[in-house]
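None of the values given here were measured: they were computed from a predicted structure. Below, all heavy atoms of this structure are taken into account, side chains as well, without hydrogens, waters or symmetry copies. Every chain is numbered from 1 and lettered A, B, ... according to where its sequence line falls, protein lines coming before strand lines.
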2 protein chains.
Amino acid sequence: MTAMTWQAVQAEALRRIRTREWPPGARIPDEEDLARELGCARTTVNRALRDLADAGLLDRRRRAGTHVATTPVRKATFEIPIIRQDVEARGLVHGYTLLTRAMAPPDAATCRALALPGDVPLLRVVALHLAGGAPFCLEDRWINPVAAPGVEQADLSVTSANEWLVRHTAFSGGGIEFGAVAADAVQAAHLACAPGAALFEIVRTTWAGADPITAVRLTYAPGYRMKTAL
Amino acid sequence: MTAMTWQAVQAEALRRIRTREWPPGARIPDEEDLARELGCARTTVNRALRDLADAGLLDRRRRAGTHVATTPVRKATFEIPIIRQDVEARGLVHGYTLLTRAMAPPDAATCRALALPGDVPLLRVVALHLAGGAPFCLEDRWINPVAAPGVEQADLSVTSANEWLVRHTAFSGGGIEFGAVAADAVQAAHLACAPGAALFEIVRTTWAGADPITAVRLTYAPGYRMKTAL
DNA sequence: CGTTGTAATATGTATGCACATATTCGGGCT
DNA sequence: AGCCCGAATATGTGCATACATATTACAACG
């Protein structure tokens, strides 16, 4: 009778939530009762419900019990694709062209994003990713050579800057932002679209403790959409 | 010496990954060894490493052991805000205006998204969300009255359509998409921007089993960005 | 020489138990 | 009435153990 896995318990709980047998806001039976009812150990129930609470479907508080969340969808997890994989997953050939590579003082937005004074020169790398020969994504990256020693000597025309950094720097955290921007002249030229076209943009920053490593702005060709299932 | 919680084990593992004591791709000690080394039970190590694997930092395979992922950041979880909460979290007053509410056959994109034939009329609800009096987000929603019985009688000028659906329908899954679009005339008028301006857009669909419930397109005023930490 | 079966191995999961911790409830005191 | 404190309660966590399962390595076999 060990047929009750935590997945089965979770599936049953999910069913009761979705069929509104346990309506939004309601308090559900406590772990011990559920364990008895479903014929398994309390730890198994705990595992099942804990995951549902992590997903935002349940609210659990000690002594107060477990309640069905009133706002069912609160979190979504996105796969942040490596561009090459993203392209290849579409059945297209990935291409990569290094456009710019120079030391320069960062622009104001990058300074803010990386919490750096404007007079420290950073390595700027601009590259274009192609999918099946067509422009796919423009990558505009600033790298802090202090946090990434050796990057000034690296050959980034073969290894992409992303791969080099993954292999050579210690990463401890960062941030990611999504937004929409109008194509400027440079973006329009490289992405083969009209200036002013609406482009999907991802900005990522990564840090090693308190030291900024890199900030990258990915601007996708028109029509790009990022999807996930709920 | 029972001070070793699973959080502590996880923190230690994270430290070793980030300091490259365990470099990308390397195989790490198995659970039993780690448990012995850190002075805790194998189940505690399992709990700690399982969560890291869920987050994409580790690859675990039976018999093959646990390896540090070579692509450190693969997933990001976003809080999908209820618009009212999103606005209020910015310290602004939320406003809501119902603009349109009518039965109509859906457009081609909505038909595709909901896998419906084009001749079934749906309830279309268009509303504008305000933040501190300024346009914030345009909500363009199609509701399948078959999957949401009673919605045709609901007063959606007080209760938002989202709240009504959360309370009255059984949800089983869905999808979400992010993208960028150029403002059309209607969007420009309501969001107080120029036609053609780059707008951030979220499209969400929800289902009850095989039946589509609703598709909603949220178009945000220029400048909106969605952020999360890694 | 490839193929297939089998044993070894690392992770995955269930269980019973004990204790920790947060939160609520209610009683008793002022 | 209001406040404080202890008891009750539900979840959170750790441990030892046992067994399940996927995967690899390797040896036997045709």
Please tabulate, one pair per line, each protein N/O and nucleotide N/O from nucleotides 16-19 of chain D that are separated by under 3.5 Å, including the distance.
none

Between A/Thr44 and B/Ile28, the residue closer to the 5' end of DNA chain C by nearest nucleotide is B/Ile28
- Dump the intermediate steps for side chain to side chain contact (heavy atoms under 4.5 Å, CB included) on A/Thr205 and A/Glu177, then the final yes or no. CA-CA 9 Å; A/Thr205 58; A/Glu177 286 184 32; over 6 Å; no
B/Glu32 atom CD, neighbour heavy-atom count above 12 within 6.0 Å:
no
Between NE2 of B/His67 and C1' of C/dT9 the distance, given in whole Å, is 13 Å
Check: With distance as the sole criterion, do the side chain of B/Arg63 and the base of C/dA8 form a donor-acceptor contact below 3.5 Å?
Finding: yes
To the nearest angstrom, the CG-P distance between B/Asp59 and D/dT24 comes to 13 Å
Judged by atom type as modelled, is there a donor-acceptor pair below 3.5 Å linking the side chain of B/Gln10 to the main-chain atoms of B/Ala48? yes
Whole-Å distance, B/Asp33 CG to C/dA10 C1', equals 11 Å
Query raised in the report: Is a donor-acceptor contact shorter than 3.5 angstrom present between the side chain of A/Arg62 and the base of C/dT23?
Result: no
Of C/dT13, C/dT15, D/dG14, the nucleotide closest to the side chain of A/Thr5 is C/dT13
| query | Is any N or O donor-acceptor pair between the side chain of A/Arg47 and the base of C/dA14 shorter than 3.5 Å? | reply | no
Practice problem: State whether A/Gln7 places a side-chain N or O below 4.0 Å from either non-bridging phosphate oxygen (OP1 or OP2) of C/dT13. | Solution: yes
| message | Could you walk me through whether A/Arg47 and A/Thr5 satisfy the side chain to side chain contact (heavy atoms under 4.5 Å, CB included) test, starting with their C-alpha distance in whole Å, then the side-chain angles of each, then the deciding distance to 0.1 Å, before giving a yes or no? | response | CA-CA 10 Å; A/Arg47 169 79 194 270; A/Thr5 66; over 6 Å; no
A/Pro212 and A/Ala147 have their tightest heavy-atom pair at O-CB, 3.4 Å
Whole-Å distance, B/Asp30 CG to D/dT24 P, equals 16 Å
Against the side chain of A/Trp6, the closest entry in D/dT11, C/dA14, D/dG14 is C/dA14
In whole angstroms, the gap separating P of D/dT11 from CZ of A/Arg27 amounts to 7 Å
CH2 (B/Trp207) and OG1 (B/Thr169) are apart, to the nearest 0.5 Å, by 14.0 Å
Discussion item. If you compare every side-chain N and O of A/Arg60 against the phosphate oxygens of D/dG12 (OP1, OP2), does one of them come in below 4.0 Å?
Written reply: yes
Compare side-chain N and O positions of A/Asn46 against OP1 and OP2 of D/dG12 and report whether any pair is under 4.0 Å apart. yes
Check: Between the main-chain N or O of B/Thr77 and the side-chain N or O of B/Thr228, is there a donor-acceptor pair closer than 3.5 Å?
Finding: yes
Rounded to whole Å, the CZ-P distance (A/Arg61 to C/dA20) equals 23 Å
From CG of A/Asp51 across to P of D/dG12 the rounded distance in Å is 12 Å
A/Asp54 atom CG is separated from D/dT11 atom P, nearest whole Å, by 15 Å
